[in-house]
Protein chains: 2
Amino acid sequence: MKAGGAATPQMMRRVNAHAALAFLRTTGVATGTDLMAATGLTRASVIAVCEDLLRRGWISELDSGRETGSLKGRPARRFELNPRAGFVVGIDIGAATTTAVVADLRGTIVGKASRSFRSAEIPARERIEVVNQACGEALAEAGTGPAAVLAVTAGLAAPVDRDGNVLLTKQFWRKFDVGLRTALAERHGWRVLLENDANLAALGERWRGSGVGVNDLVVILASERMGAGIIESGRLLHGHSGAAGEMGYLDMIEGVGSADGIAYLAREWFARPGEPPTVEAREVFAAAAAGDPAAVLVMDRLAERVARVIASVAIMANPEQVVLGGAVADSAGVLLPGIMERLPRFTATVPRVTASPLGDSIVTVGAVRHALDYVEAHALDLELPAGT
Amino acid sequence: MKAGGAATPQMMRRVNAHAALAFLRTTGVATGTDLMAATGLTRASVIAVCEDLLRRGWISELDSGRETGSLKGRPARRFELNPRAGFVVGIDIGAATTTAVVADLRGTIVGKASRSFRSAEIPARERIEVVNQACGEALAEAGTGPAAVLAVTAGLAAPVDRDGNVLLTKQFWRKFDVGLRTALAERHGWRVLLENDANLAALGERWRGSGVGVNDLVVILASERMGAGIIESGRLLHGHSGAAGEMGYLDMIEGVGSADGIAYLAREWFARPGEPPTVEAREVFAAAAAGDPAAVLVMDRLAERVARVIASVAIMANPEQVVLGGAVADSAGVLLPGIMERLPRFTATVPRVTASPLGDSIVTVGAVRHALDYVEAHALDLELPAGT
DNA sequence: TGAGTATATTTAGATTCTATCTAAATTGCT
DNA sequence: AGCAATTTAGATAGAATCTAAATATACTCA
């Protein structure tokens, strides 16, 4: 039996450096005294940690103009995260398009680029090439290059386990996964982390969405496909093979015959009998908002369906809040009343339900947060690129 | 923003002592070299940790008779957990009865006592008295007294949050919760931890049941009531208010009209139309095993129901294994084939499904594990009773 | 008896924390 | 201008913990 343990003095410093960096990221500028309060360490320790981070280039010290705090006493040294000491890349890889964003160490998006795939069936090699181009373009917009990238997180619509391995899914994604990782690692020396897109959406909402600071949060990403990202006690749930919250099959439980997502169903249901469902989901949402009876009926069926999904996750994970992201977020204004009305019939623990404000960037924002988490936790192990 | 952090040297020692204790609990006797391998520490550190634990009475050193390992070289010092240095109490508090068990530091049950409540409606004060009597009797059987108790865990059929608070439930349990805690604390000076009974069942199965060593494990405790204990990545899921896995309302999702449990349904379904359902669940299980057609039909409906519940939790939490505990475990031989046949239709991630071997002690075993976890994590903070 | 071996113990050193004292820089009052 | 008060910085000493390396110990086997 391996006990994992083995705490070393170096671990302490890593933990404390992580705490200091995380604090500096959120506050911008902080004095030693601020950091003492935030970390619980003594002044000497705080200064030692800061000197360490200064020496390695992670933070810088401002001229001691006294901007904040009290006006008495010796002016405090003010430390600041060096935002452009390095960058992270967040990638959303969908079936039809991919988006890469570049963010600095404070999480500010400084570059963004999207590309469409020639078709949904292109080989992995070509797909990787397109993703790589998007990264290059985003980096160019950010005014930096591959050498400044400290970590990359890519979101996929497939189960990804805790170690970033893609399992349990089409051979296609499995090839793609390894291919992407090795291609970017070999070409640029990047550390590439993979994660499920709904999981990243959850991280995004908790960071900059409608679930800021909520430690038991579920994000339901529902567009062409449906998946839940579940955060419990501040940690992402993966499950044994990374499929936690993957609801491709949930329809079977509910007796609905299709494994497709919300937008698809809206189209399908709204189509005139006999005609092919060509109408766009957005149009259905708009028609419902305008009062079209057929569209209203469709929205009611959607609300029922989403309410059942929320209830199911509420029973199993008991989140404080559920955020709807993806295509449903567009129609949340119409859907939410119908959802909230039904929820008490399905579950005793009704969560707060909101719509995502992040729109299309829900996955990339989460990918940035994920990559930054990695970077902050490994700050003292990572070598910053020279000359910043 | 509070960063929680603040690692101190003392924390290192606590972590390492915990690792050493956990290893000693599982292996029985260990040498310094064994502990070096288990913890990754150097010999000097291992010995220092052991000296610390020796001085405080947690472990003892055996005469260096060379029993194990190689026969060459200087004989190793052999350390052993001092099993009777202290005890923990695990309590299962049901509606009709309560059971208390006493375990030593290795988890061996050394005392056990059950009591029935006069009725299900007795006031909290009386209920607490009965629980206290059961504890006293179990301690007497263990040949020890209240002063030797290091921690107590009690399992309730109610949501309990991470901090051991009972929320979201009948006023009755809330009174009972606080009452039990303060009564036992004041009377004996005990540290009382509360936890949901299904959660404890999960800990029990992972420790000494059919899910040993499984880090993504779900236990479905189904008797008069249904609840799931969910372990993800080795940690219990609680959710925002401790209701994660509480399935009192799941029937609504599935369109079944009753919130009652498996045993109740079996009785109900098996009853002749017009007659009151007086037959015992166990009799239905037996009749089905004997081939009675009506009973077989009931078991088939049960299998369908349980399969849907397993699928629901499999989709949300993606466990490696699901263990059936409580009354269903008795009939697992009959139920399992029907469950396994249905599962692939309900979920893409079919877990291994087994029946609990722990029987009635599923909750108390888990309660002991829970209390021992607390004790081991706080070994260096707890004062052992003198004279052991 | 001596070689070999595995372990224990000791010693020195590194890292990191805390605690405490003194010095510095600034404001505000007289 | 000078002084007190205030707040922070920096320096020093001390404690806890780890590692690493050298030395001592106790046993087996030939």
Side-chain angles (χ1 to χ4, degrees), chain A residues 3-20 29-56 59 61-80 379-381, chain B residues 3-20 29-56 59 61-80 379-381:
Chain A
T8 65
Q10 286 78 359
M11 277 180 48
M12 284 196 289
R13 178 51 66 90
R14 255 193 288 268
V15 168
N16 291 334
H18 185 163
V29 180
T31 66
T33 306
D34 295 336
L35 286 164
M36 287 170 66
T39 61
L41 299 173
T42 59
R43 169 162 272 112
S45 306
V46 163
I47 296 291
V49 168
C50 286
E51 293 289 356
D52 220 349
L53 292 170
L54 277 170
R55 191 164 4 92
R56 292 166 200 256
I59 64 177
E61 191 170 352
L62 283 76
D63 303 335
S64 54
R66 161 174 282 171
E67 309 278 309
T68 25
S70 77
L71 296 178
K72 299 176 186 171
R74 175 173 174 167
R77 290 172 72 176
R78 292 182 305 153
F79 303 100
E80 180 190 42
L380 297 185
D381 306 323
Chain B
T8 66
Q10 287 79 357
M11 277 180 48
M12 285 196 288
R13 177 52 65 90
R14 255 193 289 266
V15 168
N16 291 334
H18 185 161
V29 180
T31 66
T33 307
D34 295 335
L35 287 164
M36 286 170 66
T39 60
L41 299 173
T42 59
R43 170 163 269 114
S45 305
V46 163
I47 297 291
V49 168
C50 286
E51 293 289 355
D52 220 349
L53 292 170
L54 277 170
R55 190 163 5 92
R56 293 167 199 254
I59 65 177
E61 189 170 353
L62 283 76
D63 303 335
S64 54
R66 162 177 284 172
E67 307 278 310
T68 25
S70 77
L71 296 177
K72 298 175 184 171
R74 174 173 174 169
R77 290 172 71 175
R78 291 181 306 154
F79 303 101
E80 180 189 41
L380 297 185
D381 306 324

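Note that this is a predicted model, so its numbers are computed, not measured. Labels below follow one simple rule: chain letters A, B, ... track the order of the sequence lines, proteins then strands, and each chain is numbered from 1.
One can place CZ of A:Arg78 at 15 Å from C1' of C:dA25, the figure rounded to the nearest angstrom. Here D:dT8 presents its C1' atom at 14 Å from CD of A:Glu51, a figure rounded to the nearest Å. Computed from coordinates, the A:Met36 CE to C:dT20 C1' distance equals 13 Å when rounded to whole Å. Per the geometry, CG belonging to A:Leu35 stands 14 Å off C1' belonging to D:dT8, to the nearest Å. In this structure, the NE2 atom of B:His18 is 17 Å from the P atom of D:dT17, given to the nearest Å. If you take CD1 of B:Ile47 and P of D:dC18, they are 13 Å apart, rounded to a whole angstrom.
Listed pair A:Arg77 / D:dG10 meets the phosphate criterion, a side-chain N or O lying under 4.0 Å from OP1 or OP2.
Note that the CE atom of B:Met11 and the CE atom of A:Met12 stand 9.0 Å from one another [nearest 0.5 Å]. Between the CZ atom in A:Arg13 and the CG atom in A:Leu380 there is a gap of 7.5 Å [rounded to 0.5 Å]. A:Leu35 contributes atom CG, which lies 8.5 Å from atom CD1 of A:Ile47 (distance to the nearest 0.5 angstrom). With rounding to the nearest 0.5 angstrom, the OG1 atom of B:Thr39 is 13.0 Å from the NE2 atom of B:His18. Here CG of B:Leu54 is found 6.0 Å from CZ of B:Phe79. Values are rounded to the nearest 0.5 Å. How far CG of B:Leu62 is from CD of B:Glu80: 4.5 Å, rounded to the nearest 0.5 Å.
You'll find that the side chain of B:Arg74 is closest to D:dA26, out of D:dT8, C:dA25, D:dA26.
Looking at B:Asp52, its side chain never comes within 3.5 Å of a backbone N or O of B:Val49 through a donor-acceptor pair.
Shown here are the side chain to side chain donor-acceptor pair (under 3.5 Å) partners of B:Glu51, two or more places apart in sequence or in another chain: B:Arg77.
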Go along nucleotides 14-19 of chain C 5' to 3' and tag each nucleotide: B for a protein heavy atom under 4.0 Å from its base, S when only backbone or sugar atoms are that close, - otherwise. --SSB-
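Residue A:Thr31 comes nearest to A:Arg78 through the heavy atom pair CG2-CG, 3.8 Å, listed as atom of the first residue, atom of the second, then distance.
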Between the protein and nucleotides 2-5 of chain D, are there any N/O to N/O pairs under 3.5 Å, and if so, what are the atom names and distances?
none

